[in-house]
Amino acid sequence: MSSNFSIPVLFNIHAFQRDLILWYSEQKRTLPWRANQDPYRVWVSEIMLQQTQVDTVIPYFNQFMTRYPTVYDLAKADEQDVLKSWEGLGYYSRARNLHTAVKEVVEEYNGEVPSDKKELKKLKGIGPYTLGAILSIAFDQAEPAVDGNVMRVISRVLHIEEDIAKPKTKTLFEDVIREIISQEDPSSFNQGLMELGALICTPKKPKCDQCPVQEHCLAYEYGNQEDLPIKSKSKKQKTENFHVLVLTNSKGEYLIEKRPSDGLLANLWQFPLLPKQDAEQLPENFQNHYGAEIALEGKGESVKHVFSHVIWEVEVLFGKVGDDLQTGKFVTAQELKNYPFPNVQHKVMEQLKDRSSILGN
DNA sequence: AACCCGGGGCG
DNA sequence: CGCCCAGGGTT
């Protein structure tokens, strides 16, 4: 029950709450999801904001809420359309989990996002952070919502030197937040911490001279705010090499295929992607798997794409393919835009414009 | 606890 | 380029 950290006696919790919330009320950015407390809107925004910057999320959020204004609209949508709305945001399991969970809200909770902690936590894609965010922002409950921002801010303010890369450390921060969160306005308190982390208490060169809680900050007092939080390094990514085949049939249509329903980039589409191999063997290996003959015509520019855990080096090859296919699908250049492709494949698609004037019109 | 899952911003 | 992430699911 007791962690090896306790709030310093001299830390003035009420003054900290007051200064943080006042600053937030005056300085908070006007963001689309802050227009009201609709739990569904808060939910969608929090899912999109996972691992993703505010400026990136804004256009996606607006488009998403226009297309799916309520849980009912999203629940009845086709998953491919939902993925299309998510195209380019990354972490596509977020979209699939949100879709699954919203369907459950419609079926099991009469379309009302549950305000009960245990019920809400059961929903797919709602973990400790999103749980606390929705409970505090949409339902005004005093629950912690600890993300990377909050850990950074609090590690500095209270001078906590635990390694934030360790899962256990997050529990420590949740315990700390429970002790210092405002019971009167937990929404502004939590959002204030995140806003502070985004605007002032940044990872590098924090703007301590502009900080509303500078007088409460132990790291500032010690002058080591730049060294906090402490985070152990993750291991380096490995590089994987591929060929991507941009092939057209006799009608000039492109061959694309749907990725498997699990693993990296699940259920998204791609031009055929094969492990890099001897170019001499490629046609034969292709035919064994796809059932059609190919004639390679030339190379494009190699594409590099960095994921969090792996780096892809993709060599682009153009060519022709026979019409008799066992797997995959032929689509016109115009139809390509109707399918969700990951960014790495969009980088390949960019090269079509140079080779054909059909695209981009 | 370790590993998997994308992408963009920034210095 | 390397580092930073507004995390959750799975095993």
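- Residue A:I230 contributes atom CD1, which lies 13 Å from atom P of C:dC5 at whole-angstrom precision.
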Throw together a table of side-chain donor-acceptor distances under 3.5 angstrom for residues 125-141 of chain A, partners on residues two or more places apart or in other chains.
from   : atom 1 : to     : atom 2 : distance (Å)
A:Y129 : OH     : A:E46  : OE1    : 2.6
A:T130 : OG1    : A:Q50  : NE2    : 2.8
A:S136 : OG     : A:G132 : O      : 2.8
A:S136 : OG     : A:A133 : O      : 3.3
A:S136 : OG     : A:N190 : ND2    : 3.0
A:D140 : OD1    : A:Q37  : NE2    : 3.4
A:D140 : OD2    : A:Q37  : NE2    : 3.2
A:Q141 : NE2    : A:S115 : O      : 2.9

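- Near DNA chain C, defined here as any heavy-atom distance below 4.0 Å, the residues from residues 130-160 of chain A are A:T130, A:D147, A:G148, A:N149, A:R152, listed numerically.
- Judged as a ring-ring contact (aromatic ring centres under 6.0 Å, His included), the pairs with a partner in residues 299-325 of chain A (not counting sequence neighbours) are, in order, A:F242-A:W312, A:H305-A:F307, A:F307-A:W312.
- Across C:dC5 and B:dG6, the matching C1' atoms stand 12 Å from one another, rounded to whole Å.
- A distance of 6.0 Å separates CZ in A:R29 from CZ in A:R34, rounded to the nearest 0.5 Å.
- A donor-acceptor pair shorter than 3.5 Å can be found between the side chains of A:W269 and A:Q80.
- Across all strands shown, A:V54 has heavy atoms under 4.0 Å from base atoms, whether or not it also approaches the sugar-phosphate.
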Checklist entry - In B/S/- notation, 5' to 3', how is nucleotides 5-11 of chain B contacted by protein heavy atoms closer than 4.0 Å? => result BBBS---
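- Side-chain contact of A:D73 with A:T70: a donor-acceptor pair under 3.5 Å is present, judged by distance alone.
- A:K170 comes within 4.0 angstrom of the backbone, heavy atoms only, and of no base.
- Looking only at atom types and distance, the side chain of A:Q281 has no donor-acceptor partner in the side chain of A:N285 under 3.5 Å away.
- One atom, CG of A:N97, and another, P of B:dC4, lie 18 Å apart when rounded to the nearest Å.
- With sequence neighbours left out, A:Y60 forms a ring pair (Phe, Tyr, Trp, His ring centres under 6.0 Å) with no residue at all.
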Next on the checklist: Determine whether A:K124 and A:E104 satisfy the following criterion, salt bridge (Lys or Arg N to Asp or Glu O under 4.0 Å), listing intermediate values before the conclusion.
Outcome noted: CA-CA 9 Å; A:K124 200 94 168 175; A:E104 193 176 338; over 6 Å; no
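- Counting only distance, with no hydrogens or angles, the side chain of A:R96 and the backbone of A:E79 share no donor-acceptor pair below 3.5 Å.
- Nucleic acid contact class of A:K124 (heavy atoms, under 4.0 Å, all strands): sugar-phosphate only.
- Only the P atoms considered, C:dG9 is 23 Å distant from B:dG8, to the nearest whole Å.
- At whole-Å resolution of the value, CD1 in A:I126 and P in C:dG9 are 9 Å apart.
- The NZ atom of A:K122 sits 18 Å away from the C1' atom of C:dG8 (whole-angstrom rounding).
- With contacts defined as side-chain heavy-atom distances shorter than 4.5 Å, the pair A:F11/A:L218 does not qualify.
- Between the side chains of A:Q225 and A:R156, no donor N or O sits under 3.5 Å from an acceptor N or O.
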Item to check | CA sep, side-chain torsions, deciding dist, call: A:K122, A:E119, salt bridge (Lys or Arg N to Asp or Glu O under 4.0 Å) | outcome: CA-CA 5 Å; A:K122 287 182 194 166; A:E119 300 299 318; 3.4 Å; yes
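- Nearest-nucleotide assignment on DNA chain C puts the 5′-proximal partner with A:P229, out of A:P229 and A:G125.
- Here C:dC4 presents its P atom at 20 Å from CG of A:L199, a figure rounded to the nearest Å.
- For A:K231 and C:dC5, the shortest distance from a side-chain N or O to OP1 or OP2 is below 4.0 Å.
- Comparing the same atom, C1', in C:dG8 and in B:dG9 gives a spacing of 23 Å after rounding to whole Å.
- In this structure, OH of A:Y129 is placed 18 Å from C1' of C:dG9, rounded to the nearest angstrom.
- Heavy-atom distances under 4.0 Å link DNA chain C to A:R29, A:L49 of residues 25-49 of chain A, given in residue order.
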